[in-house]
Protein chains: 2
Amino acid sequence: MARVEAEPGGPRRSGRRPAGSGTREAILDAARAAFTQRGYDGASIRQIAREASVDPALVHHYFGTKQGVFTEAMHFPFDPSVLVPEVLAGDRSQIGERLARLFLTIWEDEQARGPIVALIRSAVTNEQAATMLREFVSEALVARVARELDAPDAALRPPLVAAQLVGLALLRYVIKLEPLASADPETLVAAVAPTVQRYLTGDLGPG
Amino acid sequence: MARVEAEPGGPRRSGRRPAGSGTREAILDAARAAFTQRGYDGASIRQIAREASVDPALVHHYFGTKQGVFTEAMHFPFDPSVLVPEVLAGDRSQIGERLARLFLTIWEDEQARGPIVALIRSAVTNEQAATMLREFVSEALVARVARELDAPDAALRPPLVAAQLVGLALLRYVIKLEPLASADPETLVAAVAPTVQRYLTGDLGPG
DNA sequence: GTCTATATCGTGATAGAC
DNA sequence: GTCTATCACGATATAGAC
């Protein structure tokens, strides 16, 4: 999970694949869209096949099971092993702002948002997807950050950040709660950055 | 939505209803459990009927459609029109702590948690449920609080609080991300209270 | 008030022909 | 590589007997 996709020089993903048969990629594109819109349980192989103008049996032929399609479709177009060190590298007193801005920038990019929305939508009702999300957040994000913190309660801090940012994304992009949904990204960065900063470097408790 | 349930003096909800036929209540209990565990789309009338030891056709007889069952099952065991004024009434400089503690107290009560988890699980993939959640958060919670704030950006403040608290609940109770899931409630109250406080009464922006 | 029977439709998965 | 046909289910909803 979470590898950078090899975008082979050509035009962006839209319309049909040119080289080879392209069927496999067409199925993956349709699958990504379906899982994004309806989550794992709500998406169906037949519907994905229809969208890709392909026979449902082909989906099984390429990926075996529905879970197989999901796993293949979930490769993120960004790489936490690159981004997290970048955020950690700079001035620690502004890490909250950098992290909040990076998070919102990724979510504002519709193409990057897709797989994450798909994973969240799926994880809420599907236990396997929940495990994928848990492991992704824990290992790719939380563990990397926690390792670099020297504050007390280092293990609790990154999950608190995750809770704040995931909650924001959920209400803004999935539930579309106003006025959060149409707020300016920089307004939200400014509002949330101090929270993230405190969770990572500040005082957590009363005593 | 969000009325207090009339608990008629007797024993707590477990086992079978004694008075009357009780079938209707048995169906609602089973429905609440099913929607809580699997969300709207994942729950089925047949499965609810099985759980209630009742014929599936009876469910339709009592509630018409699946949406009808859902709506009836979603009455919360707490009343925002009572709780919100209580939180707002006290010392404004400690409103963050009061709100965070109230929120976590409700979520720690498994019986109270059920319907909210059901609504969240459902809202993430079902548009009708998303509308219900949106309206509940907007009207029952956000609007009531925003009305009482005299700070600038009063409209944006309660949704920010909602994002923080919903995110916390999602990762702790639904996704069960450690160490958030097994953290002591008071630890979380202490961690989150200053955030809530700042969103409601503090400085939101950089300028 | 309760249940049988059925209409209509969708699902994931597989075997096997071409 | 692609598609037809099918297995074995499950879904919501309705009509109508008892």
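By convention in this document, chain letters (A, B, ...) are assigned in the order of the sequence lines, proteins followed by strands, and residues within each chain are numbered from 1.
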Task: Contacts of B:Y173 that satisfy ring-ring contact (aromatic ring centres under 6.0 Å, His included) - sequence neighbours left out - done: B:W107
Taking only N/O atoms, report every protein-nucleotides 13-18 of chain D pair under 3.5 Å with atom names and distance.
from	atom 1	to	atom 2	distance (Å)
D:dA13	OP2	B:H60	NE2	3.2
D:dA13	OP2	B:K66	N	3.1

In plain terms, say whether [X] and [Y] are close enough for a salt bridge, that is, a side-chain N and a carboxylate O under 4.0 Å apart.
| X | Y | result |
| --- | --- | --- |
| A:E51 | A:R32 | no |
| B:E127 | A:R38 | no |
| B:E108 | B:R113 | no |

- [ ] Would you indicate which nucleotide in C:dG1, D:dT2, C:dT4 comes nearest to any side-chain atom of B:D55?
- [x] C:dT4
Task: From D:dT2, D:dA11, C:dT2, nucleotide with atom closest to A:L58 side chain - done: D:dT2
TODO: Please state whether the rings of A:F35 and A:F70 are parallel, tilted or perpendicular, taking 30° and 60° as the class boundaries.
DONE: perpendicular
Given atom [atom1] of [X] and atom [atom2] of [N], what is their separation to the nearest angstrom?
| X | N | atom1 | atom2 | result |
| --- | --- | --- | --- | --- |
| A:I48 | C:dA13 | CD1 | P | 11 Å |
| A:F63 | C:dT14 | CZ | C1' | 18 Å |
| A:I27 | D:dT2 | CD1 | P | 8 Å |
| A:Q47 | C:dT11 | CD | P | 7 Å |
| B:R50 | D:dC9 | CZ | P | 13 Å |
| B:Y62 | C:dC3 | OH | P | 10 Å |

- [ ] Using a heavy-atom cut-off of under 4.0 Å over every strand shown, decide if A:A49 touches base, sugar-phosphate, or nothing.
- [x] nothing
- [ ] Report yes if at least one side-chain N or O of B:S44 is closer than 4.0 Å to OP1 or OP2 of D:dG10; otherwise report no.
- [x] no
Open item on the list: For the aromatic rings, using the six-membered ring if either is Trp, is the centroid distance between B:F76 and B:F136 under 6.0 Å?
Closed with: yes
